[in-house]
There are 2 protein chains.
Amino acid sequence: MAVTMNDVAKAAGVSLKTVSNVLNNYEFIRPATKQRVEDAIAELGYEANLTARSLRSGKTSMLGLVLSDLSAPYYAELASRLMDAATKHGYRVLVEQSAADSGAELNALQGPFRQLTDGLLFTPLSIGADAIAERAGSKPLVMLGEHIVDPRFDLVTMKNEEAAAALTSHLLAGGRRRIAVIGATAEESTGTAGLRLNGYRAALKKAGIPFDPALIAPGEWRRDAGAAAVAGLLEAGVEFDAVFGLNDVLALGAMHELLIRGVRVPQDVAVAGFDDVDEARFASPSLTTVSPGMDEIAERSMALLLDRIAGRETADAGVHVEAEFQLNIRESAP
Amino acid sequence: MAVTMNDVAKAAGVSLKTVSNVLNNYEFIRPATKQRVEDAIAELGYEANLTARSLRSGKTSMLGLVLSDLSAPYYAELASRLMDAATKHGYRVLVEQSAADSGAELNALQGPFRQLTDGLLFTPLSIGADAIAERAGSKPLVMLGEHIVDPRFDLVTMKNEEAAAALTSHLLAGGRRRIAVIGATAEESTGTAGLRLNGYRAALKKAGIPFDPALIAPGEWRRDAGAAAVAGLLEAGVEFDAVFGLNDVLALGAMHELLIRGVRVPQDVAVAGFDDVDEARFASPSLTTVSPGMDEIAERSMALLLDRIAGRETADAGVHVEAEFQLNIRESAP
DNA sequence: CTGAAAGCGCTTACAG
DNA sequence: CTGAAAGCGCTTACAG
């Protein structure tokens with residue numbers, strides 16, 4: 001059997017409550033008593049039972065993170081930072097992969113996963129604001145990304161439209177006129193893909209260039225889908241002089257397919273992405289992309305969630321934060 | 001207040017025990033009783049309190065995964081698969097990033113992290129077998145990787161030496177004679193780096209080519225370090241016609257640096273890696289690498305851990321599993 | 001400053 | 001097949 005608080009109390013010759021006081025840093029405790037308790041703890045090698053503490057206090061010291069797929073570099077990098085941040089504040093993070101499946105997203109919101117955590121960082125991809133509001137419960141919930149922009153929820157996101165517009169303008173300034181977009185359908189205008197596409201359209205409009213739906217190719221946000229989308233455009237005979245992958249892996253997959261087919265990057269076709277994952281910098285050619293402010297996103301979302309949990313943030317309406325972005329011009333689209 | 005088992009018992013007109021029996025799929029229960037309890041559960045929207053269950057049963061339904069850094073593609077991909085596998089068996093996985101720090105590794109082994117989990121999948125990088133044995137406690141513990149090969153512990157790993165030898169032989173067969181290795185020191189012979197280096201040396205020996213320590217460049221296993229290591233070799237005037245990055249990101253960083261400096265890959269210098277992360281297939285040129293059998297590793301390690309937890313695996317000595325590898329010959333070293 | 005007691009919501013022998 | 005009771009190891013009013 002493990003050592004319990006009771007054992008410590010006996011060894012130190014005090015009551016249970018006193019041990020608890022010492023453990024919880026209660027102020028008004030006689031130094032000598034405190035010392036005796038600490039000695040007993042050290043001697044017995046006592047470690048608090050977190051489950052018991054959690055049952056009694058209702059706090060778990062765990063935070064939930066819901067995202068579609070941890071093996072996607074953007075999410076992997078984000079999760080890694082969030083975990084480091086959580087550790088600094090005495091929390092652990094429990095990750096749930098939704099695979100962008102609505103059932104999985106709903107489950108993460110109310111099932112055991114929610115119960116096990118004091119608050120949630122949630123990247124919704126399939127379910128809507130009302131479905132979330134219905135099940136949100138009372139525990140703090142901070143949205144990540146831009147599928148749900150709703151005054152009811154806290155939200156930490158990036159400047160998708162502005163950044164996509166800036167990137168598109170950069171491609172236009174480089175003389176590109178037929179910029180293919182990979183990772184969206186021509187009709188999309190909400191969610192991450194939609195917002196980035198809006199930015200693209202806005203930049204075209206500003207430059208007086210008509211929007212051509214033939215240039216927009218859908219695809220899951222993975223490398224193989226990026227490659228397949230470019231292959232599709234090429235085989236359909238669509239002409240283009242640039243490719244904007246709505247995220248980096250899409251752009252990287254597209255670039256690979258172009259190079260394999262003997263299309264020169266950037267001479268024949270410029271390629272740009274979005275995310276600035278580490279891989280972008282080391283691709284050949286290195287990838288021009290948007291750095292969406294991941295550090296700021298990780299930091300702000302964690303701070304906001306912890307503030308909600310601790311009751312330091314009390315705004316009734318959702319707090320909305322937008323991280324600053326930056327354009328990283330590299331070889332693939334100079 | 002949340003709905004408790006007591007509420008369900010009252011609503012169904014049965015005792016607590018009966019509700020518990022239904023929840024735990026106890027066999028001998030009258031169908032009518034079972035139905036009544038299930039109706040009450042559905043009507044009240046009852047959800048078991050996992051913390052209470054855990055306090056009483058001593059089981060947490062969580063598994064621990066300790067690795068150095070979740071943002072490294074190999075670990076991100078592995079973690080993603082392990083989580084999916086765990087979910088299938090009703091477990092969640094709690095990840096701890098050790099940053100290869102011995103203090104963090106020791107903490108993961110016995111602190112709160114251990115307490116919160118029913119078993120551990122552990123990639124030790126800094127601490128030794130004795131330190132682990134001392135603190136291992138009684139909960140199941142499966143080692144991942146090859147830092148610790150010890151009869152006391154269960155281990156699931158890959159054929160590092162064989163695979164590295166096969167890859168090196170492939171480079172030699174392609175006419176390469178001065179193969180630089182990145183990610184180890186010339187003296188290493190244990191741990192992942194050491195084993196892969198051993199394989200390299202064995203292949204050289206077999207081909208009658210002397211080992212040249214000048215060709216071995218150390219570096220953290222990251223892209224930037226791979227690039228820096230190659231830059232270092234080049235600037236030191238070391239001649240080489242191939243680079244073996246001891247993992248993919250190292251190789252990819254190295255390849256990027258070569259290309260930037262106008263060295264052609266594979267014409268002037270062939271490049272090969274180890275891991276076969278998704279990125280390898282889509283690099284330009286695509287990366288020749290070892291596929292170490294990640295699917296098998298994820299599957300076998302999860303199965304072994306769950307078998308230990310459930311008591312299905314009872315071997316006193318550690319069970320050792322080695323996944324099969326495969327060579328993926330691509331453009332960077334045809 | 002410190003003690004004795006209740007209770008968080010389950011599971012599990014122990015009876016019947 | 002089902003009930004009444006104890007207890008997992010904490011925290012937290014309530015007294016003093």
Side-chain angles (χ1 to χ4, degrees), chain A residues 1-41 44-62 90 111-112 114-118 138-139, chain B residues 1-41 44-62 90 111-112 114-118 138-139:
Chain A
M1 281 287 60
V3 181
T4 72
M5 268 175 65
N6 244 315
D7 302 327
V8 175
K10 256 173 225 152
V14 298
S15 81
L16 248 191
K17 176 65 161 83
T18 304
V19 179
S20 175
N21 281 343
V22 171
L23 289 174
N24 296 297
N25 287 313
Y26 181 63
E27 265 187 300
F28 308 106
I29 191 164
R30 229 177 308 208
T33 313
K34 184 170 177 177
Q35 190 58 53
R36 250 187 313 146
V37 172
E38 279 168 349
D39 289 349
I41 287 175
L44 298 174
Y46 169 74
E47 264 179 8
N49 178 319
L50 299 183
T51 303
R53 176 176 289 174
S54 164
L55 175 58
R56 188 54 235 236
S57 70
K59 299 278 183 188
T60 66
S61 291
M62 291 201 284
R114 198 73 200 287
Q115 220 185 79
L116 288 169
T117 52
D118 293 338
S138 56
K139 285 188 186 175
Chain B
M1 282 286 60
V3 181
T4 73
M5 267 174 65
N6 244 314
D7 301 327
V8 174
K10 258 174 223 152
V14 299
S15 81
L16 247 192
K17 175 67 162 85
T18 305
V19 179
S20 175
N21 281 344
V22 172
L23 289 174
N24 296 298
N25 287 314
Y26 182 63
E27 266 186 298
F28 308 106
I29 190 163
R30 227 177 309 207
T33 314
K34 186 170 177 179
Q35 190 58 52
R36 251 188 311 146
V37 171
E38 280 169 348
D39 289 349
I41 288 175
L44 298 174
Y46 169 74
E47 264 179 7
N49 179 317
L50 299 183
T51 304
R53 176 176 290 174
S54 164
L55 175 58
R56 188 54 234 238
S57 71
K59 299 280 183 186
T60 66
S61 291
M62 290 200 286
R114 199 75 201 284
Q115 222 184 76
L116 288 168
T117 53
D118 293 338
S138 55
K139 286 187 186 175

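In what follows, chains are A, B, ... by sequence order, proteins preceding strands, each numbered from 1.
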Spacing between [X] atom [atom1] and [N] atom [atom2], to the nearest angstrom:
| X | N | atom1 | atom2 | value |
| --- | --- | --- | --- | --- |
| A:Asp7 | D:dC8 | CG | P | 11 Å |
| B:Leu55 | D:dA6 | CG | P | 18 Å |
| A:Lys59 | D:dT12 | NZ | C1' | 15 Å |
| B:Arg53 | C:dG9 | CZ | P | 14 Å |
| A:Gln115 | C:dG9 | CD | C1' | 10 Å |
| A:Asn21 | D:dA15 | CG | P | 18 Å |
| A:Asn49 | D:dG7 | CG | P | 17 Å |
| B:Met5 | D:dT2 | CE | P | 14 Å |

Report yes or no: does A:Ser57 contribute a side-chain atom to a donor-acceptor pair with the main-chain N or O of A:Arg53 at less than 3.5 Å?
yes
Is a donor on one side and an acceptor on the other found under 3.5 Å between the side chain of A:Gln115 and the backbone of B:Ala48?
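Pair found, side chain donor or acceptor close to backbone of B:Ala48.
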Think A:Ser57 has a side-chain N or O under 4.0 angstrom from the OP1 or OP2 of D:dT11?
no
Respond yes when some side-chain nitrogen or oxygen of B:Ser20 is under 4.0 Å from OP1 or OP2 of C:dT11, and no when none is.
yes
Table of protein N/O atoms under 3.5 Å from nucleotides 3-5 of chain D N/O atoms:
residue: D:dG3; atom: OP2; partner: B:Ser15; partner atom: N; Å: 2.7
residue: D:dG3; atom: OP2; partner: B:Ser15; partner atom: OG; Å: 3.0
residue: D:dG3; atom: OP2; partner: B:Thr18; partner atom: OG1; Å: 2.8

Do B:Thr4 and B:Asn49 come close enough that some side-chain heavy atom pair is under 4.5 Å?
no
Minimum side-chain heavy-atom gap B:Glu47-A:Arg114 below 4.5 Å
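No, side chains not in contact.
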Sorted by chain and residue number, the side-chain contact (heavy atoms from CB on, under 4.5 Å) partners of B:Asn21 (sequence neighbours excluded) come out as B:Lys17, B:Tyr26, B:Ile29
Tell me what A:Thr33 touches on the nucleic acid: a base, only sugar-phosphate, or nothing, going by heavy atoms under 4.0 Å.
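The residue A:Thr33 makes sugar-phosphate contact but no base contact.
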Strand DNA chain D in bracket notation, Watson-Crick/G-U under 3.5 Å with | for pairs to another chain:
|||.||||||||.|||
Where do A:Val19 and A:Val14 land on the side chain to side chain contact (heavy atoms under 4.5 Å, CB included) test, with the steps shown first?
CA-CA 7 Å; A:Val19 179; A:Val14 298; 3.9 Å; yes
Quick one: closest heavy-atom pair of B:Tyr46 and B:Val3, and the distance?
CD1-O, 3.4 Å
Using side-chain hydrogen bond (donor to acceptor under 3.5 Å, both in side chains) as the criterion, point out the one residue from B:Thr51, B:Asp118, B:Thr117 that pairs with B:Thr60.
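Going through the options one by one, the only one that passes is B:Asp118.
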Hey, what do you get for CG (A:Leu50) to CG (A:Leu55), rounding to the nearest 0.5 Å?
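Separation between the atoms: 12.5 Å.
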Want to settle it: does B:Asn6 or A:Pro31 sit nearer the 5' end of DNA chain C, counting the closest nucleotide to each?
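Between the two, 5'-proximity favours A:Pro31.
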Per the atom types in the model, does the base of C:dG9 pair as donor or acceptor with the side chain of B:Arg56 at under 3.5 Å?
no
